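Okay, structure first, notes after.
From a predicted model like this one, the values you see are computed outputs, not experimental measurements.
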Amino acid sequence: MKTGNKYYGETGTGRGSQSRIMYDARGNRIKSDPFSNKYVRFLLIYALPYLVINGIILMLVCSQPKITVNVKDTNDYIQTDVDFTVKSLLPVKELKVSLESEPVEYEKSGSSYKCIVDKNGTFTVEAKSLNGMIRSVYTDVNQIDDSAPSIDESSIEYSRGELSFTIGDTLSGVDYDSLYGELDNGERIDLHSYDAATGSVTMLLPKTEDSLVLHYEDMVGNAGEGRVTLSVEGSDNKLSETGDASEGTGSAEEASSGES
């Protein structure tokens, strides 16, 4: 059948079932308009827009800020920089920055922030988006040296007027120039020798003394002290001034202010 420049053919898939196939003047088959199918029209006009719009709404309602925190290495063990970024699909309504629950001041540059902290603890960034969703990120700051050096009590040895022990500081290091002993009469006892690589220290004491107080600091000024009691092994007597060759042991009566 021919109508104008179009030709129509008939085909069927069963008895009494026919559908028209159209051809142009050159005999090429003309494809039917997809919108002529009611199912396609429903999918494109109703179903897809519904899914897209509701998906966007759900994304906006459930969207949370994204936070990344970077604690920088310290150069002086007194303070360190903490950088963090806050990225959010919606504007950030509220931002809280704290260290051990105390507010921390910060500088903002776009979505990046920078602050300086001078003590150890839990660093927290909490961001609240415009939709009310909250995201919190926690990071430990442990680069600040806030503790004095510590003496290894098991390393204390005393023999023939020579006192030796090991001292250490895990962050800034021991300031050996600050380390000295003080006898009960107020006399100062300086170091005889030390090995910074191992922390070993040696002092020469009068043999009439049975105790002294050690004073020491680390490289950022954290100070500590501890009293060391000197005793002769197997005897309650003090070392005599006659050069008694008996060996003794030492023990710390007072602990230092803590390890770094």
Show me, pair by pair, the donor-acceptor contacts under 3.5 angstrom made by side chains of residues 90-103, not counting sequence neighbours?
residue	atom	partner	partner atom	Å
Glu100	OE2	Thr122	N	2.6
Glu100	OE2	Thr122	OG1	3.4
Glu102	OE1	Lys119	NZ	3.1

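- Hydrophobic clustering (ILVMFWY, side-chain heavy atoms < 4.5 Å, transitive): Val174 and Tyr180 are in distinct clusters.
- Side-chain contact between Leu183 and Ile189: present, with at least one pair of heavy atoms (C-beta onward) separated by less than 4.5 Å.
- Rounded to the nearest 0.5 angstrom, Asp140 CG and Asn120 CG are separated by 9.0 Å.
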* To do: Would you please test Val117 and Phe123 for side-chain contact (heavy atoms from CB on, under 4.5 Å) and show each step?
  => CA-CA 9 Å; Val117 297; Phe123 183 86; 4.3 Å; yes

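- For Asn70 against Lys72, the heavy-atom pair with the smallest separation is ND2-CE, 3.3 Å.
- Checked against side chain to side chain donor-acceptor pair (under 3.5 Å), Asp76 has the following partners two or more places apart in sequence or in another chain: Thr74.
- Residue pairs meeting the salt bridge (Lys or Arg N to Asp or Glu O under 4.0 Å) criterion with at least one member in residues 187-204, sequence neighbours excluded: Arg188-Asp190.
- Rounding to the nearest 0.5 angstrom, the gap separating the CD atom in Glu157 from the OG atom in Ser200 is 10.0 Å.
- The closest donor-acceptor contact from the side chain of Asp218 to the backbone of Pro149 lies at 3.5 Å or more, if one exists at all.
- Partners of Lys66 under the salt bridge (Lys or Arg N to Asp or Glu O under 4.0 Å) rule, at least two apart in sequence or in another chain, do not exist in this structure.
- Residues Asp145 and Ile78 are not in side-chain contact: their nearest non-hydrogen atoms beyond the backbone lie 4.5 Å or more apart.
- A distance of 13.0 Å separates OH in Tyr216 from CG in Leu191, rounded to the nearest 0.5 Å.
- Residues Asp118 and Asp146 are not in side-chain contact: their nearest non-hydrogen atoms beyond the backbone lie 4.5 Å or more apart.
- When all heavy atoms are compared, the tightest approach of Ile144 to Gln79 is CD1-CA, 3.5 Å.
- Between the side chain of Thr166 and the backbone N or O of Ser155, no donor-acceptor pair lies under 3.5 Å.
- When atom types are taken as modelled, the side chain of Glu217 and the backbone of Asn222 share no donor-acceptor pair closer than 3.5 angstrom.
- Scored by the salt bridge (Lys or Arg N to Asp or Glu O under 4.0 Å) test, Lys87 finds no partners at all (sequence neighbours excluded).
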* To do: Let me see the working for Asn75 and Gln143 under side-chain contact (heavy atoms from CB on, under 4.5 Å), right down to the final yes or no.
  => CA-CA 9 Å; Asn75 295 322; Gln143 290 90 335; over 6 Å; no

* List the steps, then state whether side-chain contact (heavy atoms from CB on, under 4.5 Å) holds for Leu179 with Tyr194. => CA-CA 10 Å; Leu179 201 162; Tyr194 70 90; over 6 Å; no

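- Proximity of Val69 to Val125: side-chain heavy atoms (C-beta onward) are separated by under 4.5 Å at one or more points.
- Shown here are the salt bridge (Lys or Arg N to Asp or Glu O under 4.0 Å) partners of Asp184, two or more places apart in sequence or in another chain: Arg227.
- When side chains are defined from C-beta on, Lys128 does not count as touching Met133, because their heavy atoms never get closer than 4.5 Å.
- For Asn131 (side chain) and Ser63 (main-chain N/O), a donor-acceptor pair under 3.5 Å exists by modelled atom type.
- From Asp81, atom CG reaches atom CD of Glu107 across 9.5 Å, with rounding to the nearest 0.5 Å.
- Side-chain contact annotation: Ser211 with Thr229, donor-acceptor N/O pair under 3.5 Å absent.
- Between Thr85 and Ile67 there is no side-chain heavy-atom pair separated by less than 4.5 Å.
- Proximity of Thr124 to Val137: side-chain heavy atoms (C-beta onward) are nowhere separated by under 4.5 Å.
- Looking only at side-chain heavy atoms (C-beta outward), Leu89 and Ser129 stay at 4.5 Å or farther from each other.
- From Glu225, atom CD reaches atom CD1 of Ile151 across 10.5 Å, with rounding to the nearest 0.5 Å.
- In this structure, CG on Leu163 lies 7.0 Å from CE on Met203, to the nearest 0.5 angstrom.
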* Would you check, one step at a time, whether the test side-chain contact (heavy atoms from CB on, under 4.5 Å) holds for Val228 with Leu214? => CA-CA 7 Å; Val228 176; Leu214 295 175; 3.7 Å; yes

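- Ring geometry for Tyr106 versus Phe84: interplanar angle over 60°, hence perpendicular rather than tilted (30 to 60°).
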